[in-house]
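All remarks here apply to the structure that follows.
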Number of protein chains: 2
Amino acid sequence: MRGGTEIKIAYKMGYVLNFYREPSFRKIEMELGLTRPEIVTLIFLNFREGVTASDICEFSGHLKANISRGIIALEKKKLLRRDTDRADNRRQLLFITPAGRALYARYIPALREREQAMLACLTRTERKEFERLLDKLADHVPHWAALDEL
Amino acid sequence: MRGGTEIKIAYKMGYVLNFYREPSFRKIEMELGLTRPEIVTLIFLNFREGVTASDICEFSGHLKANISRGIIALEKKKLLRRDTDRADNRRQLLFITPAGRALYARYIPALREREQAMLACLTRTERKEFERLLDKLADHVPHWAALDEL
DNA sequence: CCAATAAAGTCACATATGAGACTATCTGGG
DNA sequence: CCCAGATAGTCTCATATGTGACTTTATTGG
């Protein structure tokens, strides 16, 4: 029942990704009481600190209103902290707290394992090639999509 | 600002797909007054009629409650019609109406064009290879994901 | 044949999200 | 220097969605 659309490639990407992402994220939402914007904010901050809400919008594709709410909630839970940028008082620089990292560490292994399961059917070479093509697609995104479309 | 996660491939798929899908779908939602389950239901029915709500759940990855609401709404708008399956009275077989096809025809070209734009950076060979790998991934989904996870 | 279980679809409720207005701050051209 | 945008982030309101319970019908095993 998988086939049947005129937008084959985009559809198949969505099909595979939905099965990867939706159950995983719902589980995190339920068990840890986080929303999706909160989850991706922690993922991003775990990697790179001192970034702004806008950066997280661009990274995650979530709307700024939702990221804003997520950040407010995460601060309330003491999972991140924010400082106003001295060079531009509109901006707030975000930093993950130890509690934030600890929570991140609780849900990321399942996501990693599930990604491995998803990719298990590809050979090592195919996986590399798939990633190379994805990189190419990702680099190309700015050429056809405007950031303010999100 | 794109990098930074331990789940590289899934993340990149999400990144590219978000930029493809979200703006397109939101535009359809706003201009044509359809919800996402309604949009994908019409996409599926345009290809294959006489299917059930469950089939559309599997096809689209949407939850059955949402597909159910979508089908009720589409019927109200006379974009599809449903007949109880004589062989199993629990099931309802779905059929798209001419009005449904007409509406589908109004939004699919933009989706197709945007998919082309997304893929434009790949050579013909790369595109074929990308699709082959996606097919492999899609065929493999049942091995690691349960349908009832959605 | 009947009871227990499963499956298709619907519903009610709580919550997350999208749209767009709003505030505060910054920037660049007269 | 200052005013007209632009930009970062927040808020309000309406709507779409997730969850889980519920109804009806089918299937299976005793």
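So you know, we letter chains A, B, ... as the sequences are listed, proteins then strands, and number each from 1.
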> Any side-chain N or O of A/Arg36 less than 4.0 Å from the OP1 or OP2 oxygen of C/dT15?
Replying inline: no
> Are B/Glu38 and B/Lys77 ion-paired here, with the side-chain N under 4.0 Å from a carboxylate O?
Replying inline: yes
> B/Ser68 side chain N/O closer than 4.0 Å to the phosphate oxygens (OP1, OP2) of C/dG9?
Replying inline: no
> B/Arg69 side chain N/O closer than 4.0 Å to the phosphate oxygens (OP1, OP2) of C/dA12?
Replying inline: no
> Rounded to the Å, how far apart are B/Phe25 CZ and C/dA19 C1'?
Replying inline: 19 Å
> What string of B, S and - do you get for nucleotides 1-7 of chain D, 5' to 3', when a contact is any protein heavy atom under 4.0 Å?
Replying inline: -----BB
> For the rings on A/Tyr11 and B/Phe59, is their centre-to-centre separation under 6.0 Å?
Replying inline: yes
>> So which atom in B/Tyr104 and which in B/Ile43 form the shortest heavy-atom distance, rounded to 0.1 Å?
In response: CE1-CA, 3.7 Å
> Whole Å only: how far is the CD atom of A/Glu29 from the P atom of D/dG18?
Replying inline: 9 Å
> Which nucleotide, D/dT10, D/dT25, C/dG9, lies nearest any side-chain atom of B/Asp88?
Replying inline: D/dT25
> When the distance from CD1 of B/Ile56 to C1' of C/dA7 is rounded to whole Å, what number comes out?
Replying inline: 17 Å
> To the nearest Å, how far apart are B/Glu22 CD and C/dA16 C1'?
Replying inline: 14 Å
>> From the set C/dG9, D/dT19, C/dG18, return the single nucleotide nearest to any side-chain atom of B/Arg82.
In response: C/dG9
>> Tell me the interatomic distance from B/His62, atom NE2, to C/dG9, atom P, rounded to whole angstroms.
In response: 16 Å
>> Among C/dC26, C/dT17, D/dT10, which nucleotide has an atom closest to any side-chain atom of A/Gln92?
In response: D/dT10
> Linking I/L/V/M/F/W/Y whenever any side-chain heavy atoms sit under 4.5 Å apart, do B/Phe95 and B/Leu103 land together?
Replying inline: no
> Crowded around B/Lys136 NZ? As in, over 12 foreign heavy atoms under 6.0 Å?
Replying inline: yes
> Should A/Arg91 be listed as having a side-chain N or O under 4.0 Å from OP1 or OP2 of C/dT25?
Replying inline: no
> Rounded to whole angstrom units, what separation is found between the CG atom of B/Asn66 and the C1' atom of C/dT15?
Replying inline: 13 Å
> Ion pair present between A/Arg81 and A/Glu49, side-chain N to carboxylate O less than 4.0 angstrom?
Replying inline: no
> Whole Å only: how far is the CG atom of A/Leu80 from the P atom of D/dG9?
Replying inline: 12 Å
> Hey, are A/Glu115 and A/Arg112 close enough for a salt bridge, meaning a charged N less than 4.0 Å from a carboxylate O?
Replying inline: no
>> Using the side-chain heavy atoms of A/Thr52, tell me which of these nucleotides is nearest: D/dT17, C/dG18, D/dG9.
In response: D/dG9
> Run the side chain to side chain donor-acceptor pair (under 3.5 Å) check on A/Thr52 and A/Arg91 step by step: do they pass?
Replying inline: CA-CA 7 Å; A/Thr52 67; A/Arg91 292 146 56 86; 4.7 Å; no
> Where the side chain of A/Thr35 is concerned, which of C/dC11, C/dT17, D/dC11 is the nearest nucleotide?
Replying inline: C/dT17
> Pick the nucleotide of DNA chain D nearest each of B/Ala65 and A/Ile71; which residue has the one closer to the 5' end?
Replying inline: A/Ile71
> Does B/Asn89 make a side-chain N or O approach to OP1 or OP2 of D/dA26 shorter than 4.0 Å?
Replying inline: yes
> Rounded to whole angstrom units, what separation is found between the CD1 atom of B/Ile28 and the P atom of D/dA16?
Replying inline: 15 Å
> Nearest of D/dC11, D/dT19, C/dA19 to any side-chain atom of B/Leu63?
Replying inline: D/dT19
> Counting side-chain heavy atoms from C-beta on, which of C/dA19, C/dA8, D/dG9 comes nearest to A/Lys64?
Replying inline: D/dG9
